[in-house]
Engineer: 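Could you have a look at this structure, given as structure tokens, before my questions?
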Amino acid sequence: MMEALARVESWDKGQVTLSWQVQSACGHCYESDNCGTGVVAKGLNPRSQRLTLPWKQRLSPGTQVTLGIPEQQLLSAAALVYLLPLLGLLVGVGGTALMGGAELLALGLGLALGGAGFMTARRLADSLTPTPRIIKVLGAPAKE
């Protein structure tokens, strides 16, 4: 289970709105001071994400929660989005080349099947995209 900490923004009629900072691995290694990408990552403001989920128990703003997504769902969605267009491209080009077709025909068929794979993945992605869920309610942050 992949987990992230989030903060409750509001709770209204069984719907909780959460926000969290998007974390980037870049800029956290020991080479980040000498790496151009690490320097750029430090210069950018961290992005915040918002999400509204159903939650029956009342939560006060500022409460910390743990969100989770099962790894299998995340890997399945990523495989669909990346591998289906690639598979279409390879089948189109490889199949035409094995049948002795011209290179231009192989390229055209590969691009067509790659595009079809992309469109299929796009249609299926909405139903297969994992939705985070609240795993634990941790409580309110400490006051200063």
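Note that this is a predicted model, so its numbers are computed, not measured.
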Engineer: Please report the shortest heavy-atom distance between Val137 and Trp55, naming the atom on each side.
Structural biologist: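 Taking Val137 first and Trp55 second, the nearest heavy atoms are CG2-CZ2, 3.8 Å.
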
Engineer: Would you mind reporting whether Thr66 and Leu138 have side-chain heavy atoms less than 4.5 Å apart?
Structural biologist: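 A side-chain contact exists here, since the closest heavy-atom pair is under 4.5 Å.
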
Engineer: State, with a plain yes or no, whether a side-chain heavy atom of Leu18 is found less than 4.5 Å away from one of Thr52.
Structural biologist: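 No, their side chains stay 4.5 Å or more apart.
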
Engineer: Is there side-chain contact between Glu9 and Pro61, with heavy atoms separated by less than 4.5 Å?
Structural biologist: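 A side-chain contact is absent here, since even the closest heavy-atom pair is not under 4.5 Å.
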
Engineer: Measuring only between side-chain heavy atoms, which start at C-beta, is Leu53 closer than 4.5 Å to Ile134?
Structural biologist: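 Yes, close enough: below the 4.5 Å cut-off.
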
Engineer: Looking only at heavy atoms, which two atoms of Gln57 and Trp11 are closest? And how far apart?
Structural biologist: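 Scanning both residues completely, I find the closest heavy atoms to be O-NE1, 3.2 Å.
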
Engineer: If you measure from CH2 on Trp20 to CD on Gln64, what distance do you get to the nearest 0.5 Å?
Structural biologist: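 It comes to 13.5 Å.
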
Engineer: Check whether any side-chain heavy atom of Leu51 sits under 4.5 Å from a side-chain heavy atom of Pro132, and report yes or no.
Structural biologist: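 Leu51 vs Pro132: side chains touch.
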
Engineer: Does a side-chain heavy-atom distance below 4.5 Å link Pro70 with Gln73?
Structural biologist: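 They are in contact (side-chain heavy atoms under 4.5 Å apart), so the answer is yes.
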
Engineer: Can you list, by chain and residue number, the hydrophobic cluster partners of Met1 when the side-chain cut-off is 4.5 Å?
Structural biologist: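 Besides Met1, the cluster holds Ile135.
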
Engineer: Which other residues belong to the hydrophobic cluster containing Met2, where Ile, Leu, Val, Met, Phe, Trp and Tyr are joined when side-chain heavy atoms lie under 4.5 Å apart, directly or via other members?
Structural biologist: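 Under the 4.5 Å side-chain rule, Met2 groups with Ile69, Leu74.
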
Engineer: Please report the shortest heavy-atom distance between Ser19 and Arg50, naming the atom on each side.
Structural biologist: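 Closest pair (atom of Ser19, atom of Arg50, distance): CB-CG, 4.2 Å.
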
Engineer: Rounded to the nearest 0.5 Å, how far apart are OG1 of Thr17 and CG of Leu59?
Structural biologist: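 Rounded to the nearest 0.5 Å, the OG1-CG separation comes out at 11.0 Å.
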
Engineer: Please output the side-chain donor-acceptor pairs of residues 79-103 that fall under 3.5 Å, not counting sequence neighbours, one pair per line with the distance.
Structural biologist:
from  : atom 1 : to    : atom 2 : distance (Å)
Thr96 : OG1    : Gly92 : O      : 2.8

